[in-house]
Asks: 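Quick one: the structure is below, questions incoming.
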Amino acid sequence: MLRDEALKGKTIVVTGGGSGLGKAMTKYFLELGANVAITSRNFEKLQNTAKELEEESGGKCLPVQCDVREYHQVEAMRDAVIAHFGKVDVLLNNAAGNFISPTERLSHRAFDVIIDIVLKGTKNCILAFGKHWIDSKQTNTNVLNIVTTYSWTGSGYVVPSAAAKAGVLAMTRSLAVEWAKYGMRFNAIAPGPFPTKGAWDRLMPGNLQEKFDMAKKVPLQRVGDHQELANLAAYLVSDFSAYINGEVVTIDGGEWLMGAGEFNMLSEIPESLWDELEKMIRAKKNK
Ligand code: HXC
Ligand code: NAP
């Protein structure tokens with residue numbers, strides 16, 4: 001969508017960049033000339049992705065292991081990226097955890113694990129990079145946060161994710177005002193359904209895909225294409241969007257306007273099926 005080399009000279013950190021939407025956005029950033037560091041817990045996955053994307057794009061992609069829940073790991077990741085590329089211009093908070101469950105079945109730890117990855121992890125990255133940009137007086141930087149449409153509608157059956165993403169959206173809007181004076185912009189993207197293995201294993205296990213065809217919930221009658229999201233992300237991190245600050249852009253084919261609360265339809269699942277669904281979701285861990 002953007003012209004060749006539109007991101008040349010920029011260094012972008014993509015959390016959760018080894019898979020799914022993070023990988024798709026990283027690929028396009030590399031094609032547009034950016035240097036990209038991808039981070040997550042699974043270093044082997046990151047190395048494979050970085051190698052594959054470097055070969056495809058001819059760009060430079062650095063894999064760095066980092067659990068965003070741990071502040072000292074986030075600072076170490078930031079320092080490793082700066083040591084390698086010289087600076088960072090853009091932080092893309094894409095890492096997330098999520099699974100469907102009736103809220104009363106969640107232990108307090110199960111609730112925490114989602115809040116910790118999504119809200120605390122995003123906070124850790126924003127603080128580590130934001131403080132660095134302020135201290136080093138680096139300007140023309142920006143943060144892009146991946147949220148969801150249920151950040152503002154809420155949704156049953158993904159309540160920890162909804163609460164955490166709502167917090168991320170509040171941070172986006174708050175810091176867009178407070179830290180603009182340091183030359184930082186903050187924006188967010190709220191994607192509708194974009195099938196990825198990570199999300200679908202945990203949100204649409206077993207035959208739920210046939211039972212609740214996500215495409216049918218979208219006025220445009222289809223799910224999103226990863227490149228469509230990558231196009232929007234590339235624009236929002238680029239200098240072409242220099243006057244966009246504090247915005248959340250929805251890219252969902254009109255889904256949330258047609259039926260708010262993406263997973264509220266799971267009320268249709270009988271109580272007796274949840275044991276089986278939980279087993280299927282847990283079995284996919286680390287696969
Ligand atoms: C109930 C569960 C559970 C389940 C885990 N737990 N899975 N409880 N139902 N299906 C409980 C565990 O028993 C434990 O509580 C606590 O949660 C922590 O579990 P761990 O397995 O120790 O956590 P961890 O290894 O850190 O793994 C985190 C994870 C996992 C979130 C549970 O799924 C993960 O790694 N996810 C990362 C990728 C991901 O989720 N991608 C999807 C993003 S999609 P106890 O009490 O037993 O100790 C997305 C889309 C939004 O966000 C919108 C879509 C349209
Ligand atoms: P995904 O492939 O599972 O991506 C999530 C990524 O987060 C993984 O690469 C995972 O890598 C990383 N991650 C998880 N916990 C982490 C931790 N503690 N520290 C660091 N990294 C961690 O799923 P996806 O669908 O591409 O999701 C990407 C983003 O889009 C998420 O923010 C999600 O909420 C959002 N989203 C997706 C959809 C959709 O339809 N797919 C819709 C709306 C919003 P490791 O396991 O290696 O750590």
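Just so you know, ligand 1 is whichever comes first in the structure, and atom 1 is the first atom listed for that ligand.
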Asks: When you measure from atom 22 (C) of ligand 2 to every protein heavy atom, which one gives the shortest distance, and what is it?
Replies: Ala95 CB, 3.7 Å
Asks: Considering heavy atoms of the protein only, find what lies nearest to atom 9 (O) of ligand 2 and give residue, atom and distance to 0.1 Å.
Replies: Ser19 OG, 2.9 Å
Asks: Closer than 4.0 Å to some heavy atom of Trp200 - which atoms of ligand 2 meet that?
Replies: 40 (O)
Asks: Could you identify the single nearest non-hydrogen protein atom to atom 43 (C) of ligand 2 and state the distance to 0.1 Å?
Replies: Pro191 O, 3.3 Å
Asks: Check each atom of ligand 2 against the heavy atoms of Pro193 and keep those under 4.0 Å away; list them by number with element.
Replies: 40 (O)
Asks: What atoms of ligand 2 come closer than 4.0 angstrom to any heavy atom of Gly198?
Replies: 3 (O)
Asks: Kindly indicate whether the side chain of Val74, heavy atoms from C-beta on, has any atom under 4.5 Å from the side chain of Cys66.
Replies: yes
Asks: Provide the number and element of each atom of ligand 2 under 4.0 Å from a heavy atom of Gly20.
Replies: 2 (O), 26 (O)
Asks: Where on Ile117 is there a heavy atom closer than 4.0 Å to ligand 2, on the side chain, on the backbone, on both, or on neither?
Replies: side chain
Asks: For atom CD of Glu210, decide whether the heavy atoms of other residues, nucleotides or ligands shown that lie under 6.0 angstrom number more than 12.
Replies: yes
Asks: Contact residues of ligand 1 with a heavy-atom cut-off of under 4.0 Å?
Replies: Arg41, Arg69, Ala96, Gly97, Asn98, Phe99, Ser107, Arg109, Ala110, Val113, Ile114, Thr148, Tyr150, Gly198, Ala199, Arg202, Leu203, Glu262, Glu278, Ile281, Arg282, Lys285
Asks: Please identify which atoms of ligand 2 are closer than 4.0 Å to at least one heavy atom of Thr148.
Replies: 43 (C), 44 (C)
Asks: List the closest protein heavy-atom neighbour of atom 12 (C) of ligand 2: residue, atom name, distance to the nearest 0.1 Å.
Replies: Gly16 CA, 3.7 Å
Asks: For atom 48 (O) of ligand 2, what's the nearest protein heavy atom and its distance?
Replies: Arg41 NE, 2.7 Å
Asks: Return the residue, atom name and 0.1 Å-rounded distance of the protein heavy atom closest to atom 30 (O) of ligand 2.
Replies: Ile146 CG2, 3.4 Å
Asks: Under 4.0 Å from ligand 2, counting heavy atoms only, is it the side chain of Cys66, its backbone, both or neither?
Replies: backbone
Asks: Do any nitrogen or oxygen atoms of Asp67 come within less than 3.5 Å of a nitrogen or oxygen of ligand 2?
Replies: yes
Asks: Just checking Trp133 against Trp179, ring centres under 6.0 Å apart?
Replies: no
Asks: Considering heavy atoms of the protein only, find what lies nearest to atom 14 (C) of ligand 2 and give residue, atom and distance to 0.1 Å.
Replies: Ala96 O, 3.3 Å
Asks: Can you tell which part of Val147 has a heavy atom less than 4.0 Å from ligand 2: side chain, backbone, both or neither?
Replies: backbone
Asks: Find out if a path of hydrophobic residues (ILVMFWY) with successive side-chain heavy-atom gaps under 4.5 Å connects Ile244 to Leu229.
Replies: yes
Asks: Tell me whether Leu273 shares a hydrophobic cluster with Met204, the cluster being built from Ile, Leu, Val, Met, Phe, Trp, Tyr side chains joined at under 4.5 Å.
Replies: yes
Asks: So which protein heavy atom does atom 23 (O) of ligand 2 come closest to, and at what separation?
Replies: Thr196 OG1, 3.7 Å
Asks: If the threshold is 4.0 Å, N to carboxylate O, is there a salt bridge linking Glu228 and Arg222?
Replies: yes
Asks: With the threshold set at under 4.0 angstrom, would you say Asn98 reaches ligand 2 through any of its heavy atoms?
Replies: no
Asks: In terms of atom number and element, which parts of ligand 2 are under 4.0 angstrom from non-hydrogen atoms of Lys165?
Replies: 31 (C), 32 (O), 33 (C), 34 (O)
Asks: Would you say atom 1 (P) of ligand 2 has a protein heavy atom nearer than 4.0 Å?
Replies: yes
Asks: Check whether Asn42 reaches the backbone of Lys45 with its side chain - one donor and one acceptor, N or O, closer than 3.5 Å.
Replies: yes
Asks: With heavy-atom distances below 4.0 Å as the criterion, list the atoms of ligand 2 near Asn42.
Replies: 47 (O)
Asks: With a 3.5 Å distance limit and no angle check, can you tell me whether Ser241 reaches the backbone of Leu236 through a side-chain donor-acceptor pair?
Replies: yes
Asks: If you measure from each non-hydrogen atom of Lys23 to ligand 2, which part falls under 4.0 Å: side chain, backbone, both or neither?
Replies: neither
Asks: Donor-acceptor check, side chain of Gln209 to backbone of Trp200, threshold 3.5 angstrom: yes or no?
Replies: no
